[in-house]
There are 2 protein chains.
Amino acid sequence: MTKLQIHGREASDASDRDAKAQAEGFATVRQAHESEMAEDYVELIAELIEIQGEARPVDIAERLGVKPPTVTKNISRLKEAGLVSRERYRAIFLTPEGQKLAEACRRRHRIVVAFLLSLGIDEETAERDAEGIEHHVSETTLEAFEAVVTRAHEKH
Amino acid sequence: MTKLQIHGREASDASDRDAKAQAEGFATVRQAHESEMAEDYVELIAELIEIQGEARPVDIAERLGVKPPTVTKNISRLKEAGLVSRERYRAIFLTPEGQKLAEACRRRHRIVVAFLLSLGIDEETAERDAEGIEHHVSETTLEAFEAVVTRAHEKH
DNA sequence: TATATATGTTAGCATCGGCTAACTTTTGAG
DNA sequence: CTCAAAAGTTAGCCGATGCTAACATATATA
């Protein structure tokens with residue numbers, strides 16, 4: 001097949017690689033979206049257990065801004081995924097795996113918020129943006145954020 | 001109703017406000033997700049028109065890492081939304097509104113990438129993370145990013 | 001110009017994560 | 001202890017965004 005055709009694709013190897021890398025990037029974002037629900041829930045459940053001693057659907061629904069049936073449905077998905085344990089009508093607990101994920105999410109969240117604050121962004125915006133950004137930050141970028149925060153603290 | 005009950009919610013006004021703010025944050029993230037598809041498509045269409053002279057479904061599919069029928073379906077959604085114009089089996093064009101959105105997205109994308117690079121992150125990771133992050137960056141945060149990039153450039 | 005191949009569309013399906021309405025269970029106040 | 005209200009669940013709906021299989025159209029080359 002001849003190269004550089006007008007319609008029949010395959011312009012060059014370079015743009016093929018570009019396209020592939022781009023496609024992988026979008027795939028990564030789509031995967032991140034799939035785990036966002038789980039991450040948001042376990043993070044919130046850990047938070048609620050810490051401040052209230054237990055996590056109940058009604059509180060989760062209120063804080064996520066969704067209705068109780070949505071929470072019920074998603075909690076059962078998390079149970080299937082092995083992240084939470086629970087019996088009908090009872091409070092929700094994290095499995096060891098869920099705790100591990102929650103801990104990682106909370107660390108990441110803290111770092112992203114601290115990083116945004118260190119740029120001079122106001123607290124409310126920092127929290128809001130962090131909520132969306134945190135799910136899309138690679139470990140590499142997270143470490144860079146952490147370094148900035150540390151440096152900002154050193155300069156007190 | 002008495003306050004600070006074990007089961008009957010309403011712990012305090014402060015935590016009520018917290019919960020509300022948190023819920024709004026999650027709502028913002030969900031809204032961002034709804035516009036992500038449109039933003040990714042118009043951004044990519046503008047890019048393809050620039051580098052190839054036209055945007056065809058096959059290229060969009062390849063670069064997004066999805067199958068052609070998905071592109072057909074989403075393009076028709078964008079057409080309904082008034083962002084693209086097109087006739088069956090022909091290349092895709094952006095309406096003035098679509099061009100405006102594409103331009104805003106590309107500017108935001110450029111800033112986020114430049115910002116991550118200025119933190120010392122490698123190009124591939126910067127591109128990958130930017131793809132996910134860009135949809136969740138408020139104008140406030142974007143300006144802070146821009147300022148960091150500008151300062152980094154000034155330092156030669 | 002005829003036709004094989006590349007491109008594009010349609011139809012039909014699945015999953016995810018929202019919702020409302022209606023029902024069940026738990027809880028706490030009287 | 002009873003029973004009303006709060007909390008939780010179930011059933012059934014919707015829209016978004018993916019997919020495959022089958023079909024339609026356009027294009028380029030023999």
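Reminder, nothing fancy here: chain letters follow the sequence lines and each chain counts from 1.
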* **Minimum-distance nucleotide (side-chain atoms of B:Y41 versus D:dG8, D:dG18, C:dG18)** =>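 Side chain of B:Y41 sits closest to D:dG18.
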Interatomic distance, [X] [atom1] vs [N] [atom2] [rounded to whole Å]:
X: B:E34; N: D:dC14; atom1: CD; atom2: P; result: 18 Å
X: A:L64; N: D:dG8; atom1: CG; atom2: P; result: 14 Å
X: A:Q31; N: C:dT15; atom1: CD; atom2: P; result: 18 Å
X: A:E36; N: C:dG18; atom1: CD; atom2: P; result: 10 Å
X: B:R90; N: C:dT9; atom1: CZ; atom2: P; result: 12 Å
X: B:D59; N: C:dG8; atom1: CG; atom2: P; result: 8 Å
X: A:E54; N: C:dT27; atom1: CD; atom2: C1'; result: 12 Å
X: B:I75; N: C:dT10; atom1: CD1; atom2: P; result: 13 Å

* Asked: Is the phosphate of D:dA7, meaning OP1 or OP2, less than 4.0 Å from a side-chain N or O of A:R56?
  ->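 No, because none of the side-chain N or O atoms of A:R56 sits under 4.0 Å from OP1 or OP2 of D:dA7.
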* To do: Kindly say if B:R88 contacts the phosphate of C:dT10, meaning a side-chain N or O under 4.0 Å from OP1 or OP2.
  =>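 For C:dT10, OP1 or OP2 has a side-chain N or O of B:R88 closer than 4.0 Å.
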* Could you tell me whether B:E124 atom CD has more than 12 heavy atoms of other residues or ligands within 6.0 Å of it? => no
* What is the nucleic acid contact for B:R86, judged by heavy atoms within less than 4.0 Å: base, sugar-phosphate only, or nothing? ->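 Sugar-phosphate, no base atom in range.
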* To do: Apply salt bridge (charged side-chain N to carboxylate O under 4.0 Å, His left out) to A:E50 and list each qualifying residue two or more places apart in sequence or on a separate chain.
  =>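 A:R106.
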Which side-chain N or O atoms in residues 74-82 of chain A pair as donor and acceptor under 3.5 Å with protein atoms at least two apart or in another chain?
| unit_1 | atom_1 | unit_2 | atom_2 | d |
| --- | --- | --- | --- | --- |
| A:N74 | OD1 | A:R77 | NH1 | 2.8 |
| A:N74 | ND2 | A:Y41 | OH | 2.9 |
| A:N74 | ND2 | A:T70 | O | 3.4 |
| A:S76 | OG | A:K73 | O | 2.7 |
| A:K79 | NZ | A:R86 | O | 3.0 |

* Donor-acceptor pair between A:H109 and A:E47 side chains, under 3.5 angstrom ->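 A:H109 vs A:E47: no donor-acceptor pair found between side chains.
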* Asked: Between A:K20 and B:E62, does at least one N-O distance fall below 4.0 Å, as a salt bridge requires?
  ->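 Result for this pair is no, no salt bridge flagged.
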* Looking at B:R110 and B:E127, does any basic side-chain N land under 4.0 Å from a carboxylate oxygen? -> no
* To do: By nearest nucleotide on DNA chain D, pick out whichever of A:Y89 and B:N74 is the more 5' one.
  =>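 Result of the comparison: A:Y89.
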* Closer to the 5' end of DNA chain C via nearest nucleotide, is it B:V71 or A:S35? ->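 First, find each residue's nearest nucleotide; the 5'-ward one identifies B:V71.
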* Asked: When you look at A:H136 and A:H33, which way does the ring pair (Phe, Tyr, Trp, His ring centres under 6.0 Å) test go after all the steps?
  -> CA-CA 9 Å; A:H136 303 279; A:H33 284 167; 5.3 Å; yes
Nucleotide N/O to protein N/O under 3.5 Å, stretch nucleotides 19-23 of chain D:
| unit_1 | atom_1 | unit_2 | atom_2 | d |
| --- | --- | --- | --- | --- |
| D:dC19 | OP2 | B:K67 | N | 2.9 |
| D:dC19 | OP2 | B:T70 | OG1 | 2.7 |

